[in-house]
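Note sheet for the following structure.
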Amino acid sequence: MAIATINPATGETLKTFEPLNDTEIAAKLDLAGETYHQYRHTSFQERSLKLTKAAEILEQEKADFANLMTLEMGKTKKSAIAEVEKCAAVCRYYAEHAANFLADIYVKTDASHSCVKYQPLGVILAVMPWNFPFWQVFRFAAPALMAGNVGLLKHASNVPQCALAIEDIIHRAGFPQGAFQTLLIGAAKVANLMADDRIKAATLTGSEPAGASLAQAAGKQIKKVVLELGGSDPFIVLESADIEAAVATATTARMLNNGQSCIAAKRFIVIEAIADKFEKLLLEKFIALKVGDPMLPETDLGPLATPDILQDLDQQVQTAVNSGGKILTGGQPLSGSGNFYPATIIRDVPQDSAIAKDEFFGPVALLFRVPDIDAAIKLANDSPFGLGASAWTANAEEKQRLIEEIEAGGVFINGMVKSDPRLPFGGIKRSGYGRELSIQGIHEFVNVKTVWVK
Ligand code: NAP
């Protein structure tokens, strides 16, 4: 894929970038390696001051950064602003808590002194997606830098200006040049990077094929990897639920980021007794959404990020219909320029069909009806993915069953699945492994060193 800014709302190519050649890549690796040996000895206090400065830059210039995201990948300007604010929050969170999370833990043994020590690993490669171009990077960079690691970013090829802006923010915050560098390179270069001795570990957020490819390259070198991959999160509505609240949240949860979020609710599983009401209210909400220019404040649903994503989604919808699904609204790409797809609801897709298990990466909701909670949990778990799950009920016993029995990295009762710096984030099954955020996130890229002294 060319490294370029192409406005998804118009299809216009605004800027193209020459990928780095091998000599340029080698120079950045050298700088990262050299910087690590100095940077790892900086104090938590020093790192924390710099990360707080990064938060200030993000807050002060959030309108500019939000514009860049909207321009490159089409998310609505209002959601882009919220994303920049969240990046500032994750910087402040780790600036405040990292020293505590990585403090030595003393353990009483037969030694005169024994403890667990957390030490940085070195240069970490981050392969990141375009869908949250700032958030995905900062949620990696903030804990990695606080732990004393240095980062190399291979961002998605369609958000190069976001990638360069992030590098600039981190440098302006006072981190050394080599502590965080953007590599403008294509995906084909990643496997070779994993073979380089200077890179000690990697994290990838993206599709299953990309994750599998990185894990394979890392496996050959015995290097640690964290993978945050796709999801087809269930959104379960049981009979006692507050249906109006569930429908309002269902709409937000499906349309988040123009439907292109790993943790968007994708499969709506509703108890038969309340399904007609849920369906009618959801339809009203979807029809009322305003599709259009993502820069305008009144827009609810902007374009998809690339023509390929639009084409893939269109193909999936056609497959769903050919498998027996019925379109309640939407179902066809919008005519005109830009990658616009309308809010779409499909019901009656056979629950055991292959397409029912696919990830729909766009504003398409699959609606399933089930007789009871047993069937709801069974269908929720009948997925290759296990990222998040949202479930709605007022019944205490049902809440407990949902928490215990749903197979996912996170279960949210009476609320939508979301990431929060204070809580770990990640998946099971084909959604990946490892965790980001919270104390678990900062522990992924450290050497847990046992110390025993007699
Ligand atoms: P993608 O094609 O996998 O791209 C993600 C990143 O991986 C990009 O930087 C891409 O580079 C790179 N890449 C692609 N193929 C690669 C390979 N074979 N080896 C190494 N790197 C490779 O993903 P996407 O389609 O843009 O993103 C959507 C997917 O990401 C969805 O499945 C979504 O659910 C998932 N996602 C997951 C999370 C999570 O936290 N679990 C969050 C957001 C998104 P190029 O751009 O140069 O191809």
Side-chain angles (χ1 to χ4, degrees), residues 1-6 8 17 19-20 72-75 83 125-140 152-160 162-163 182-195 199 202-219 225-233 256-266 304-313 316 358-362 383-388 408-410 417-420 423-437 441:
M1 203 198 289
I3 301 177
T5 302
I6 302 171
F17 293 80
L20 297 182
E72 290 201 300
M73 51 66 67
K75 73 173 60 206
E83 182 169 336
L125 175 68
V127 182
M128 290 290 144
W130 46 266
N131 62 343
F132 292 93
F134 269 57
W135 170 241
Q136 300 290 355
V137 178
F138 274 98
R139 80 181 188 183
F140 151 72
L152 284 175
L153 169 66
K154 181 271 176 274
H155 216 324
S157 292
N158 57 331
V159 289
C162 287
T182 283
L183 303 176
L184 290 183
I185 53 171
K189 293 277 184 194
V190 171
N192 273 353
L193 279 178
M194 285 314 296
I199 291 184
T203 179
L204 180 142
T205 299
S207 61
E208 283 179 73
S213 161
L214 181 87
Q216 194 175 20
V225 179
V226 167
L227 297 178
E228 298 285 3
L229 309 179
S232 185
D233 285 6
L256 185 70
N257 212 30
N258 304 336
Q260 305 157 114
S261 168
C262 52
I263 49 167
K266 291 170 187 143
L304 298 173
T306 67
D308 284 354
I309 294 163
L310 179 72
Q311 205 184 336
D312 288 351
L313 188 70
Q316 285 177 306
D358 254 18
E359 178 184 29
F360 282 66
F361 216 55
S383 166
F385 300 107
L387 196 51
V417 180
K418 58 185 179 211
S419 56
D420 179 322
L423 291 167
F425 182 95
I428 57 169
K429 304 202 260 184
R430 296 187 76 84
S431 294
Y433 47 77
R435 290 293 177 267
E436 293 191 283
L437 303 176

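Both ligands and their constituent atoms are indexed starting at 1 by order of listing. Residue numbers start at 1 and run along the sequence shown. The basis for the numbers below is simple: all heavy atoms, side chains too, and nothing from hydrogens, waters or symmetry mates.
- Residue S419 comes nearest to L437 through the heavy atom pair CB-CD1, 3.9 Å, listed as atom of the first residue, atom of the second, then distance.
- The shortest N/O to N/O separation between W130 and ligand 1 falls below 3.5 Å.
- Between the side chain of Q316 and the backbone N or O of D358 there is no donor-acceptor pair closer than 3.5 Å.
- Of all atoms in ligand 1, numbered sequentially from 1 with element shown, those under 4.0 Å from a heavy atom of Q136 are 42 (C), 43 (C).
- In terms of protein heavy-atom proximity, atom 15 (N) of ligand 1 is nearest to A210 CB, 3.5 Å.
- Side-chain atoms of R435 come within 3.5 Å of backbone N or O of G427 as a donor-acceptor pair.
- Within the 4.0 angstrom cut-off, atom 11 (O) of ligand 1 has one or more protein heavy-atom neighbours.
- Scanning all protein heavy atoms for the shortest distance to atom 37 (C) of ligand 1 gives L229 O, 2.9 Å.
- Here's the thing with K154: one of its N/O atoms is less than 3.5 angstrom from an N/O atom of ligand 1.
- Without hydrogens or angle criteria, S431 side chain to G230 main chain gives a donor-acceptor distance under 3.5 Å.
- Residue, atom and distance of the protein heavy atom nearest to atom 34 (O) of ligand 1 are E359 OE2, 2.6 Å.
- Considering backbone and side-chain N/O atoms, M128 comes within less than 3.5 Å of an N/O atom of ligand 1.
- Between atom 42 (C) of ligand 1 and the options A187, C262, P160, the minimum heavy-atom separation is to C262.
- The protein atom (non-hydrogen) at minimum distance from atom 35 (C) of ligand 1 is G206 O, 3.2 Å.
- Residues forming a side chain to side chain donor-acceptor pair (under 3.5 Å) with K154 (at least two apart in sequence, or on another chain): none.
- You'll find the side chain of L313 stays beyond 4.5 Å of the side chain of F361, heavy atoms only.
- E83 contributes a side-chain N or O that, together with a main-chain N or O of F134, makes up a donor-acceptor pair within less than 3.5 Å.
- Of all protein heavy atoms, the one lying nearest to atom 19 (N) of ligand 1 is S213 OG, 3.4 Å.
- Below 3.5 Å of separation, one finds no N or O of K266 facing any N or O of ligand 1.
- No donor-acceptor distance shorter than 3.5 angstrom exists from the side chain of E436 to the backbone of G441, with no hydrogens or angles considered.
- Heavy-atom proximity to atom 5 (C) of ligand 1, evaluated over V127, V226, T205, is greatest for T205.
- Ligand-side atoms of ligand 1 in range of H155: 9 (O), range being under 4.0 angstrom from any heavy atom.
- You'll find the side chain of T205 stays beyond 4.5 Å of the side chain of V226, heavy atoms only.
- Side-chain atoms of H155 do not come within 3.5 Å of backbone N or O of T182 as any donor-acceptor pair.
- For a threshold of 3.5 Å applied to N or O pairs, the pair formed by E436 and ligand 1 contains no separation below that value.
- In terms of polar-atom proximity, F425 is not counted as a contact of ligand 1, lacking any N or O under 3.5 Å from an N or O of the ligand.
- Close contacts of ligand 1 with V190, meaning ligand atoms under 4.0 Å from a residue heavy atom, involve 20 (C), 21 (N).
- If you check which protein heavy atom lies closest to atom 28 (C) of ligand 1, you get F361 CE2, 3.5 Å.
- Taking any N or O of S207, backbone or side chain, at least one lies under 3.5 Å from an N or O belonging to ligand 1.
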